Amino acid sequence: MAITDDVLVVGGGLAACTAALAAAETGARVRLLAHKKSTLRQASGLIDVLGYSGTDGPFTNPFENIDSLPANHPYHVVGEDGIRDGLRIFDEAMGTAYQGGHTDTNALVLTYGGTVKPTARYPESVAPGLASAAGDMLLVGFEGLTDFDAPVAAQHLDAAGVPFSARGVTIRFPKKFRPDAKVTRFAKALDRNEEVSGGTVRSVLANTVAAELDGEERVGFPAMLGDDHDGAVHEELAERLGVSVFEVPTGPPSLPGLKLEDRLFDALDEAGVRISSGNPAVDYEAKDGRIETVFVDQKSRLTPYEADQIVLATGGLVGKGIDSDRESVTEPVFGCRIPFPEDRYRWSESEAFGDHAFARFGVVPDDDLRPTDEDGEPHFENLRAAGGVLGGAHVAHEKSASGVSLATGAVAGRLAGEEAQQ
């Protein structure tokens, strides 16, 4: 017997979670079908809406610059209302864990490379380190934790002309770990406040950093200041140091990304969304232009799922929602059309940071976010797409990946939920 719901969302990342939450708001019975851990775990945890377009940027207000994007950009399908609705759903899911919802203005967030990134929403732990905030800054890195070179990051900030002094130091973490220890091991040691020579991890760390302070008013650490008890870690370090303490988002594995994923799935649970995870959607059956069944591979046994409406949110090339080889680009679950140049050499540019065609690969949606065929007609009446599987956006350059996922997820999920209720 098939597992039956009103709306089936295929995917497990930001777009999929947003679509499921939006569909659940309509009163529909919703299921999230997630194959594996999402790319959120590799992401910074920052929520970007729009920072650049072509050679323009960084933008102070992303909403004022949507018109500068190409005509086939997903933002032109969902409009400003769709972007704002996606942000609303995100804000409600995050509660007080994220800041930025009080303004349309992008915040300037420090990155682990010492650059400044325009972003719309950011973890609360990042806020004291914004480039717009006052106060000289000490950046702290750790021996053996190569993801964050604090002295180099500080030099880059100074070279960028930030309106404060930045200085970086590298110290030894109070507890010694294996050379290949993940950032989560550092976080757990701070969570548990483990005993070390000279006291506890938190107290010894604070004493070591205090000896490095030279009048700075805020101290930035790589994003590893606790996991389950991060609030207590921040509070104790700030109290012992007598200055503001903040985190700098780092590369993968990303602790802020892991926390974001956990909070999203908590929100799904609270919304009553059913979650089936660990197995890929591999096939489907359709009749009269509608998908009737989606098949999931469970240890070589096909399990059927049925729903009135379906949202495809499996991601782009990085998330494996789009497959490619030297001759073609394909959407592997439903076989939706993805336009691409026949000449393989036109997929990319000679410049490393050029406007590569492959960055915009994806399905072509209609006004209701339904993937279309070569004639512009929907592949299936009851299938919508959201997030990285959509084409038309150069999200890495635009700094728009999260915004595209939130906006298209919100609109696709709402439309699917409403139609399933008719």
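Predicted model only: the values in this text are computed from it and were never measured.
For the atom pair CG of Leu406 and CD1 of Ile89, the computed distance is 8.0 Å after rounding to the nearest 0.5 Å. With rounding to the nearest 0.5 angstrom, the OG1 atom of Thr96 is 12.0 Å from the OH atom of Tyr98. A distance of 7.5 Å separates CG in Asn106 from CG in Asn61, rounded to the nearest 0.5 Å. The structure places CD of Gln155 at 11.0 Å from CG of Leu139, a figure rounded to the nearest 0.5 Å. Taking CZ of Arg121 as the start and CG of Leu46 as the end, the distance is 12.5 Å to the nearest 0.5 Å. Note that the CG atom of Asp230 and the CG atom of Asp191 stand 7.0 Å from one another [nearest 0.5 Å].
Asp355 has its side chain out of reach of His397: every pair of non-hydrogen atoms, C-beta onward, lies at least 4.5 Å apart. Contact annotation: the side chain of Pro174 approaches that of Leu205 to within less than 4.5 Å [non-hydrogen atoms, C-beta and beyond]. In this structure the side chain of Val363 reaches within 4.5 angstrom of the side chain of Leu390, judged on heavy atoms. Side-chain contact between Arg218 and Phe246 is present, with at least one heavy-atom pair separated by less than 4.5 Å. Within the 4.5 Å cutoff, the side chain of Phe173 has no heavy atoms near those of the Glu143 side chain. Two residues are said to be in side-chain contact when any heavy atoms from C-beta on lie closer than 4.5 Å; Cys17 and Leu268 meet this criterion. In this structure, the side chains of Val219 and Val140 come closer than 4.5 Å at one or more pairs of heavy atoms. Taking 4.5 Å as the limit, some side-chain heavy atom of Arg360 sits within range of a side-chain heavy atom of Pro70.
For the 3.5 Å distance criterion, the side chains of Asp366 and Thr372 fail to qualify, holding no donor opposite an acceptor. Ser402 and Asp48 share no donor-acceptor pair across their side chains, judged by distance under 3.5 Å alone. Residues Glu398 and His73 bring a donor and an acceptor atom of their side chains to less than 3.5 Å of each other.
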query = When you look at Leu14 and Leu264, which way does the side chain to side chain contact (heavy atoms under 4.5 Å, CB included) test go after all the steps?
reply = CA-CA 8 Å; Leu14 184 59; Leu264 285 171; 3.8 Å; yes

Test side chain to side chain contact (heavy atoms under 4.5 Å, CB included) applied to Ile3 and Arg274, step by step = CA-CA 11 Å; Ile3 300 168; Arg274 295 153 181 82; over 6 Å; no

inquiry  = Could you walk me through whether Arg88 and Asp91 satisfy the salt bridge (charged side-chain N to carboxylate O under 4.0 Å, His left out) test, starting with their C-alpha distance in whole Å, then the side-chain angles of each, then the deciding distance to 0.1 Å, before giving a yes or no?
reply    = CA-CA 5 Å; Arg88 174 193 62 80; Asp91 291 340; over 6 Å; no

request  = Could you check Phe59 against Lys399 for side chain to side chain contact (heavy atoms under 4.5 Å, CB included), going step by step and ending with a plain yes or no?
outcome  = CA-CA 10 Å; Phe59 296 138; Lys399 300 294 183 283; over 6 Å; no

task = Apply side chain to side chain contact (heavy atoms under 4.5 Å, CB included) to the pair Asn65 and Asp56, showing each step before the final yes or no.
result = CA-CA 9 Å; Asn65 293 278; Asp56 297 329; over 6 Å; no

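Among Tyr305, Phe295, Phe380, the one residue that satisfies the ring-ring contact (aromatic ring centres under 6.0 Å, His included) test with Tyr284 is Phe380. Tested against Val49 for a side-chain contact (heavy atoms from CB on, under 4.5 Å), the candidates Asp104, Ile83, Val404 yield a single pass: Ile83. Among Arg185, Lys188, Arg202, Lys176, the single residue meeting the salt bridge (Lys or Arg N to Asp or Glu O under 4.0 Å) criterion with Glu194 is Arg185. The ring-ring contact (aromatic ring centres under 6.0 Å, His included) test with Phe186 singles out one residue from Phe148, Phe221, Phe177, and that residue is Phe177.
A perpendicular orientation is assigned to the rings of Trp347 and Phe340, their planes being inclined by more than 60° (bins at 30° and 60°).
Taking every heavy atom of both residues into account, Glu331 and Val333 meet most closely at OE2-N, 2.8 Å. Closest approach of Pro339 and Phe361 over heavy atoms only: O-CD2, 3.9 Å. Scanning all heavy atoms of the two residues, the minimum distance from Pro128 to Ala133 falls at O-CB, 4.2 Å.
Within 6.0 Å of atom NZ in Lys320, 12 or fewer heavy atoms from other residues, nucleotides or ligands are found, so the atom counts as exposed in its surroundings.
Side chain of Asp136 to backbone of Ser165: a donor-acceptor contact under 3.5 angstrom is found.
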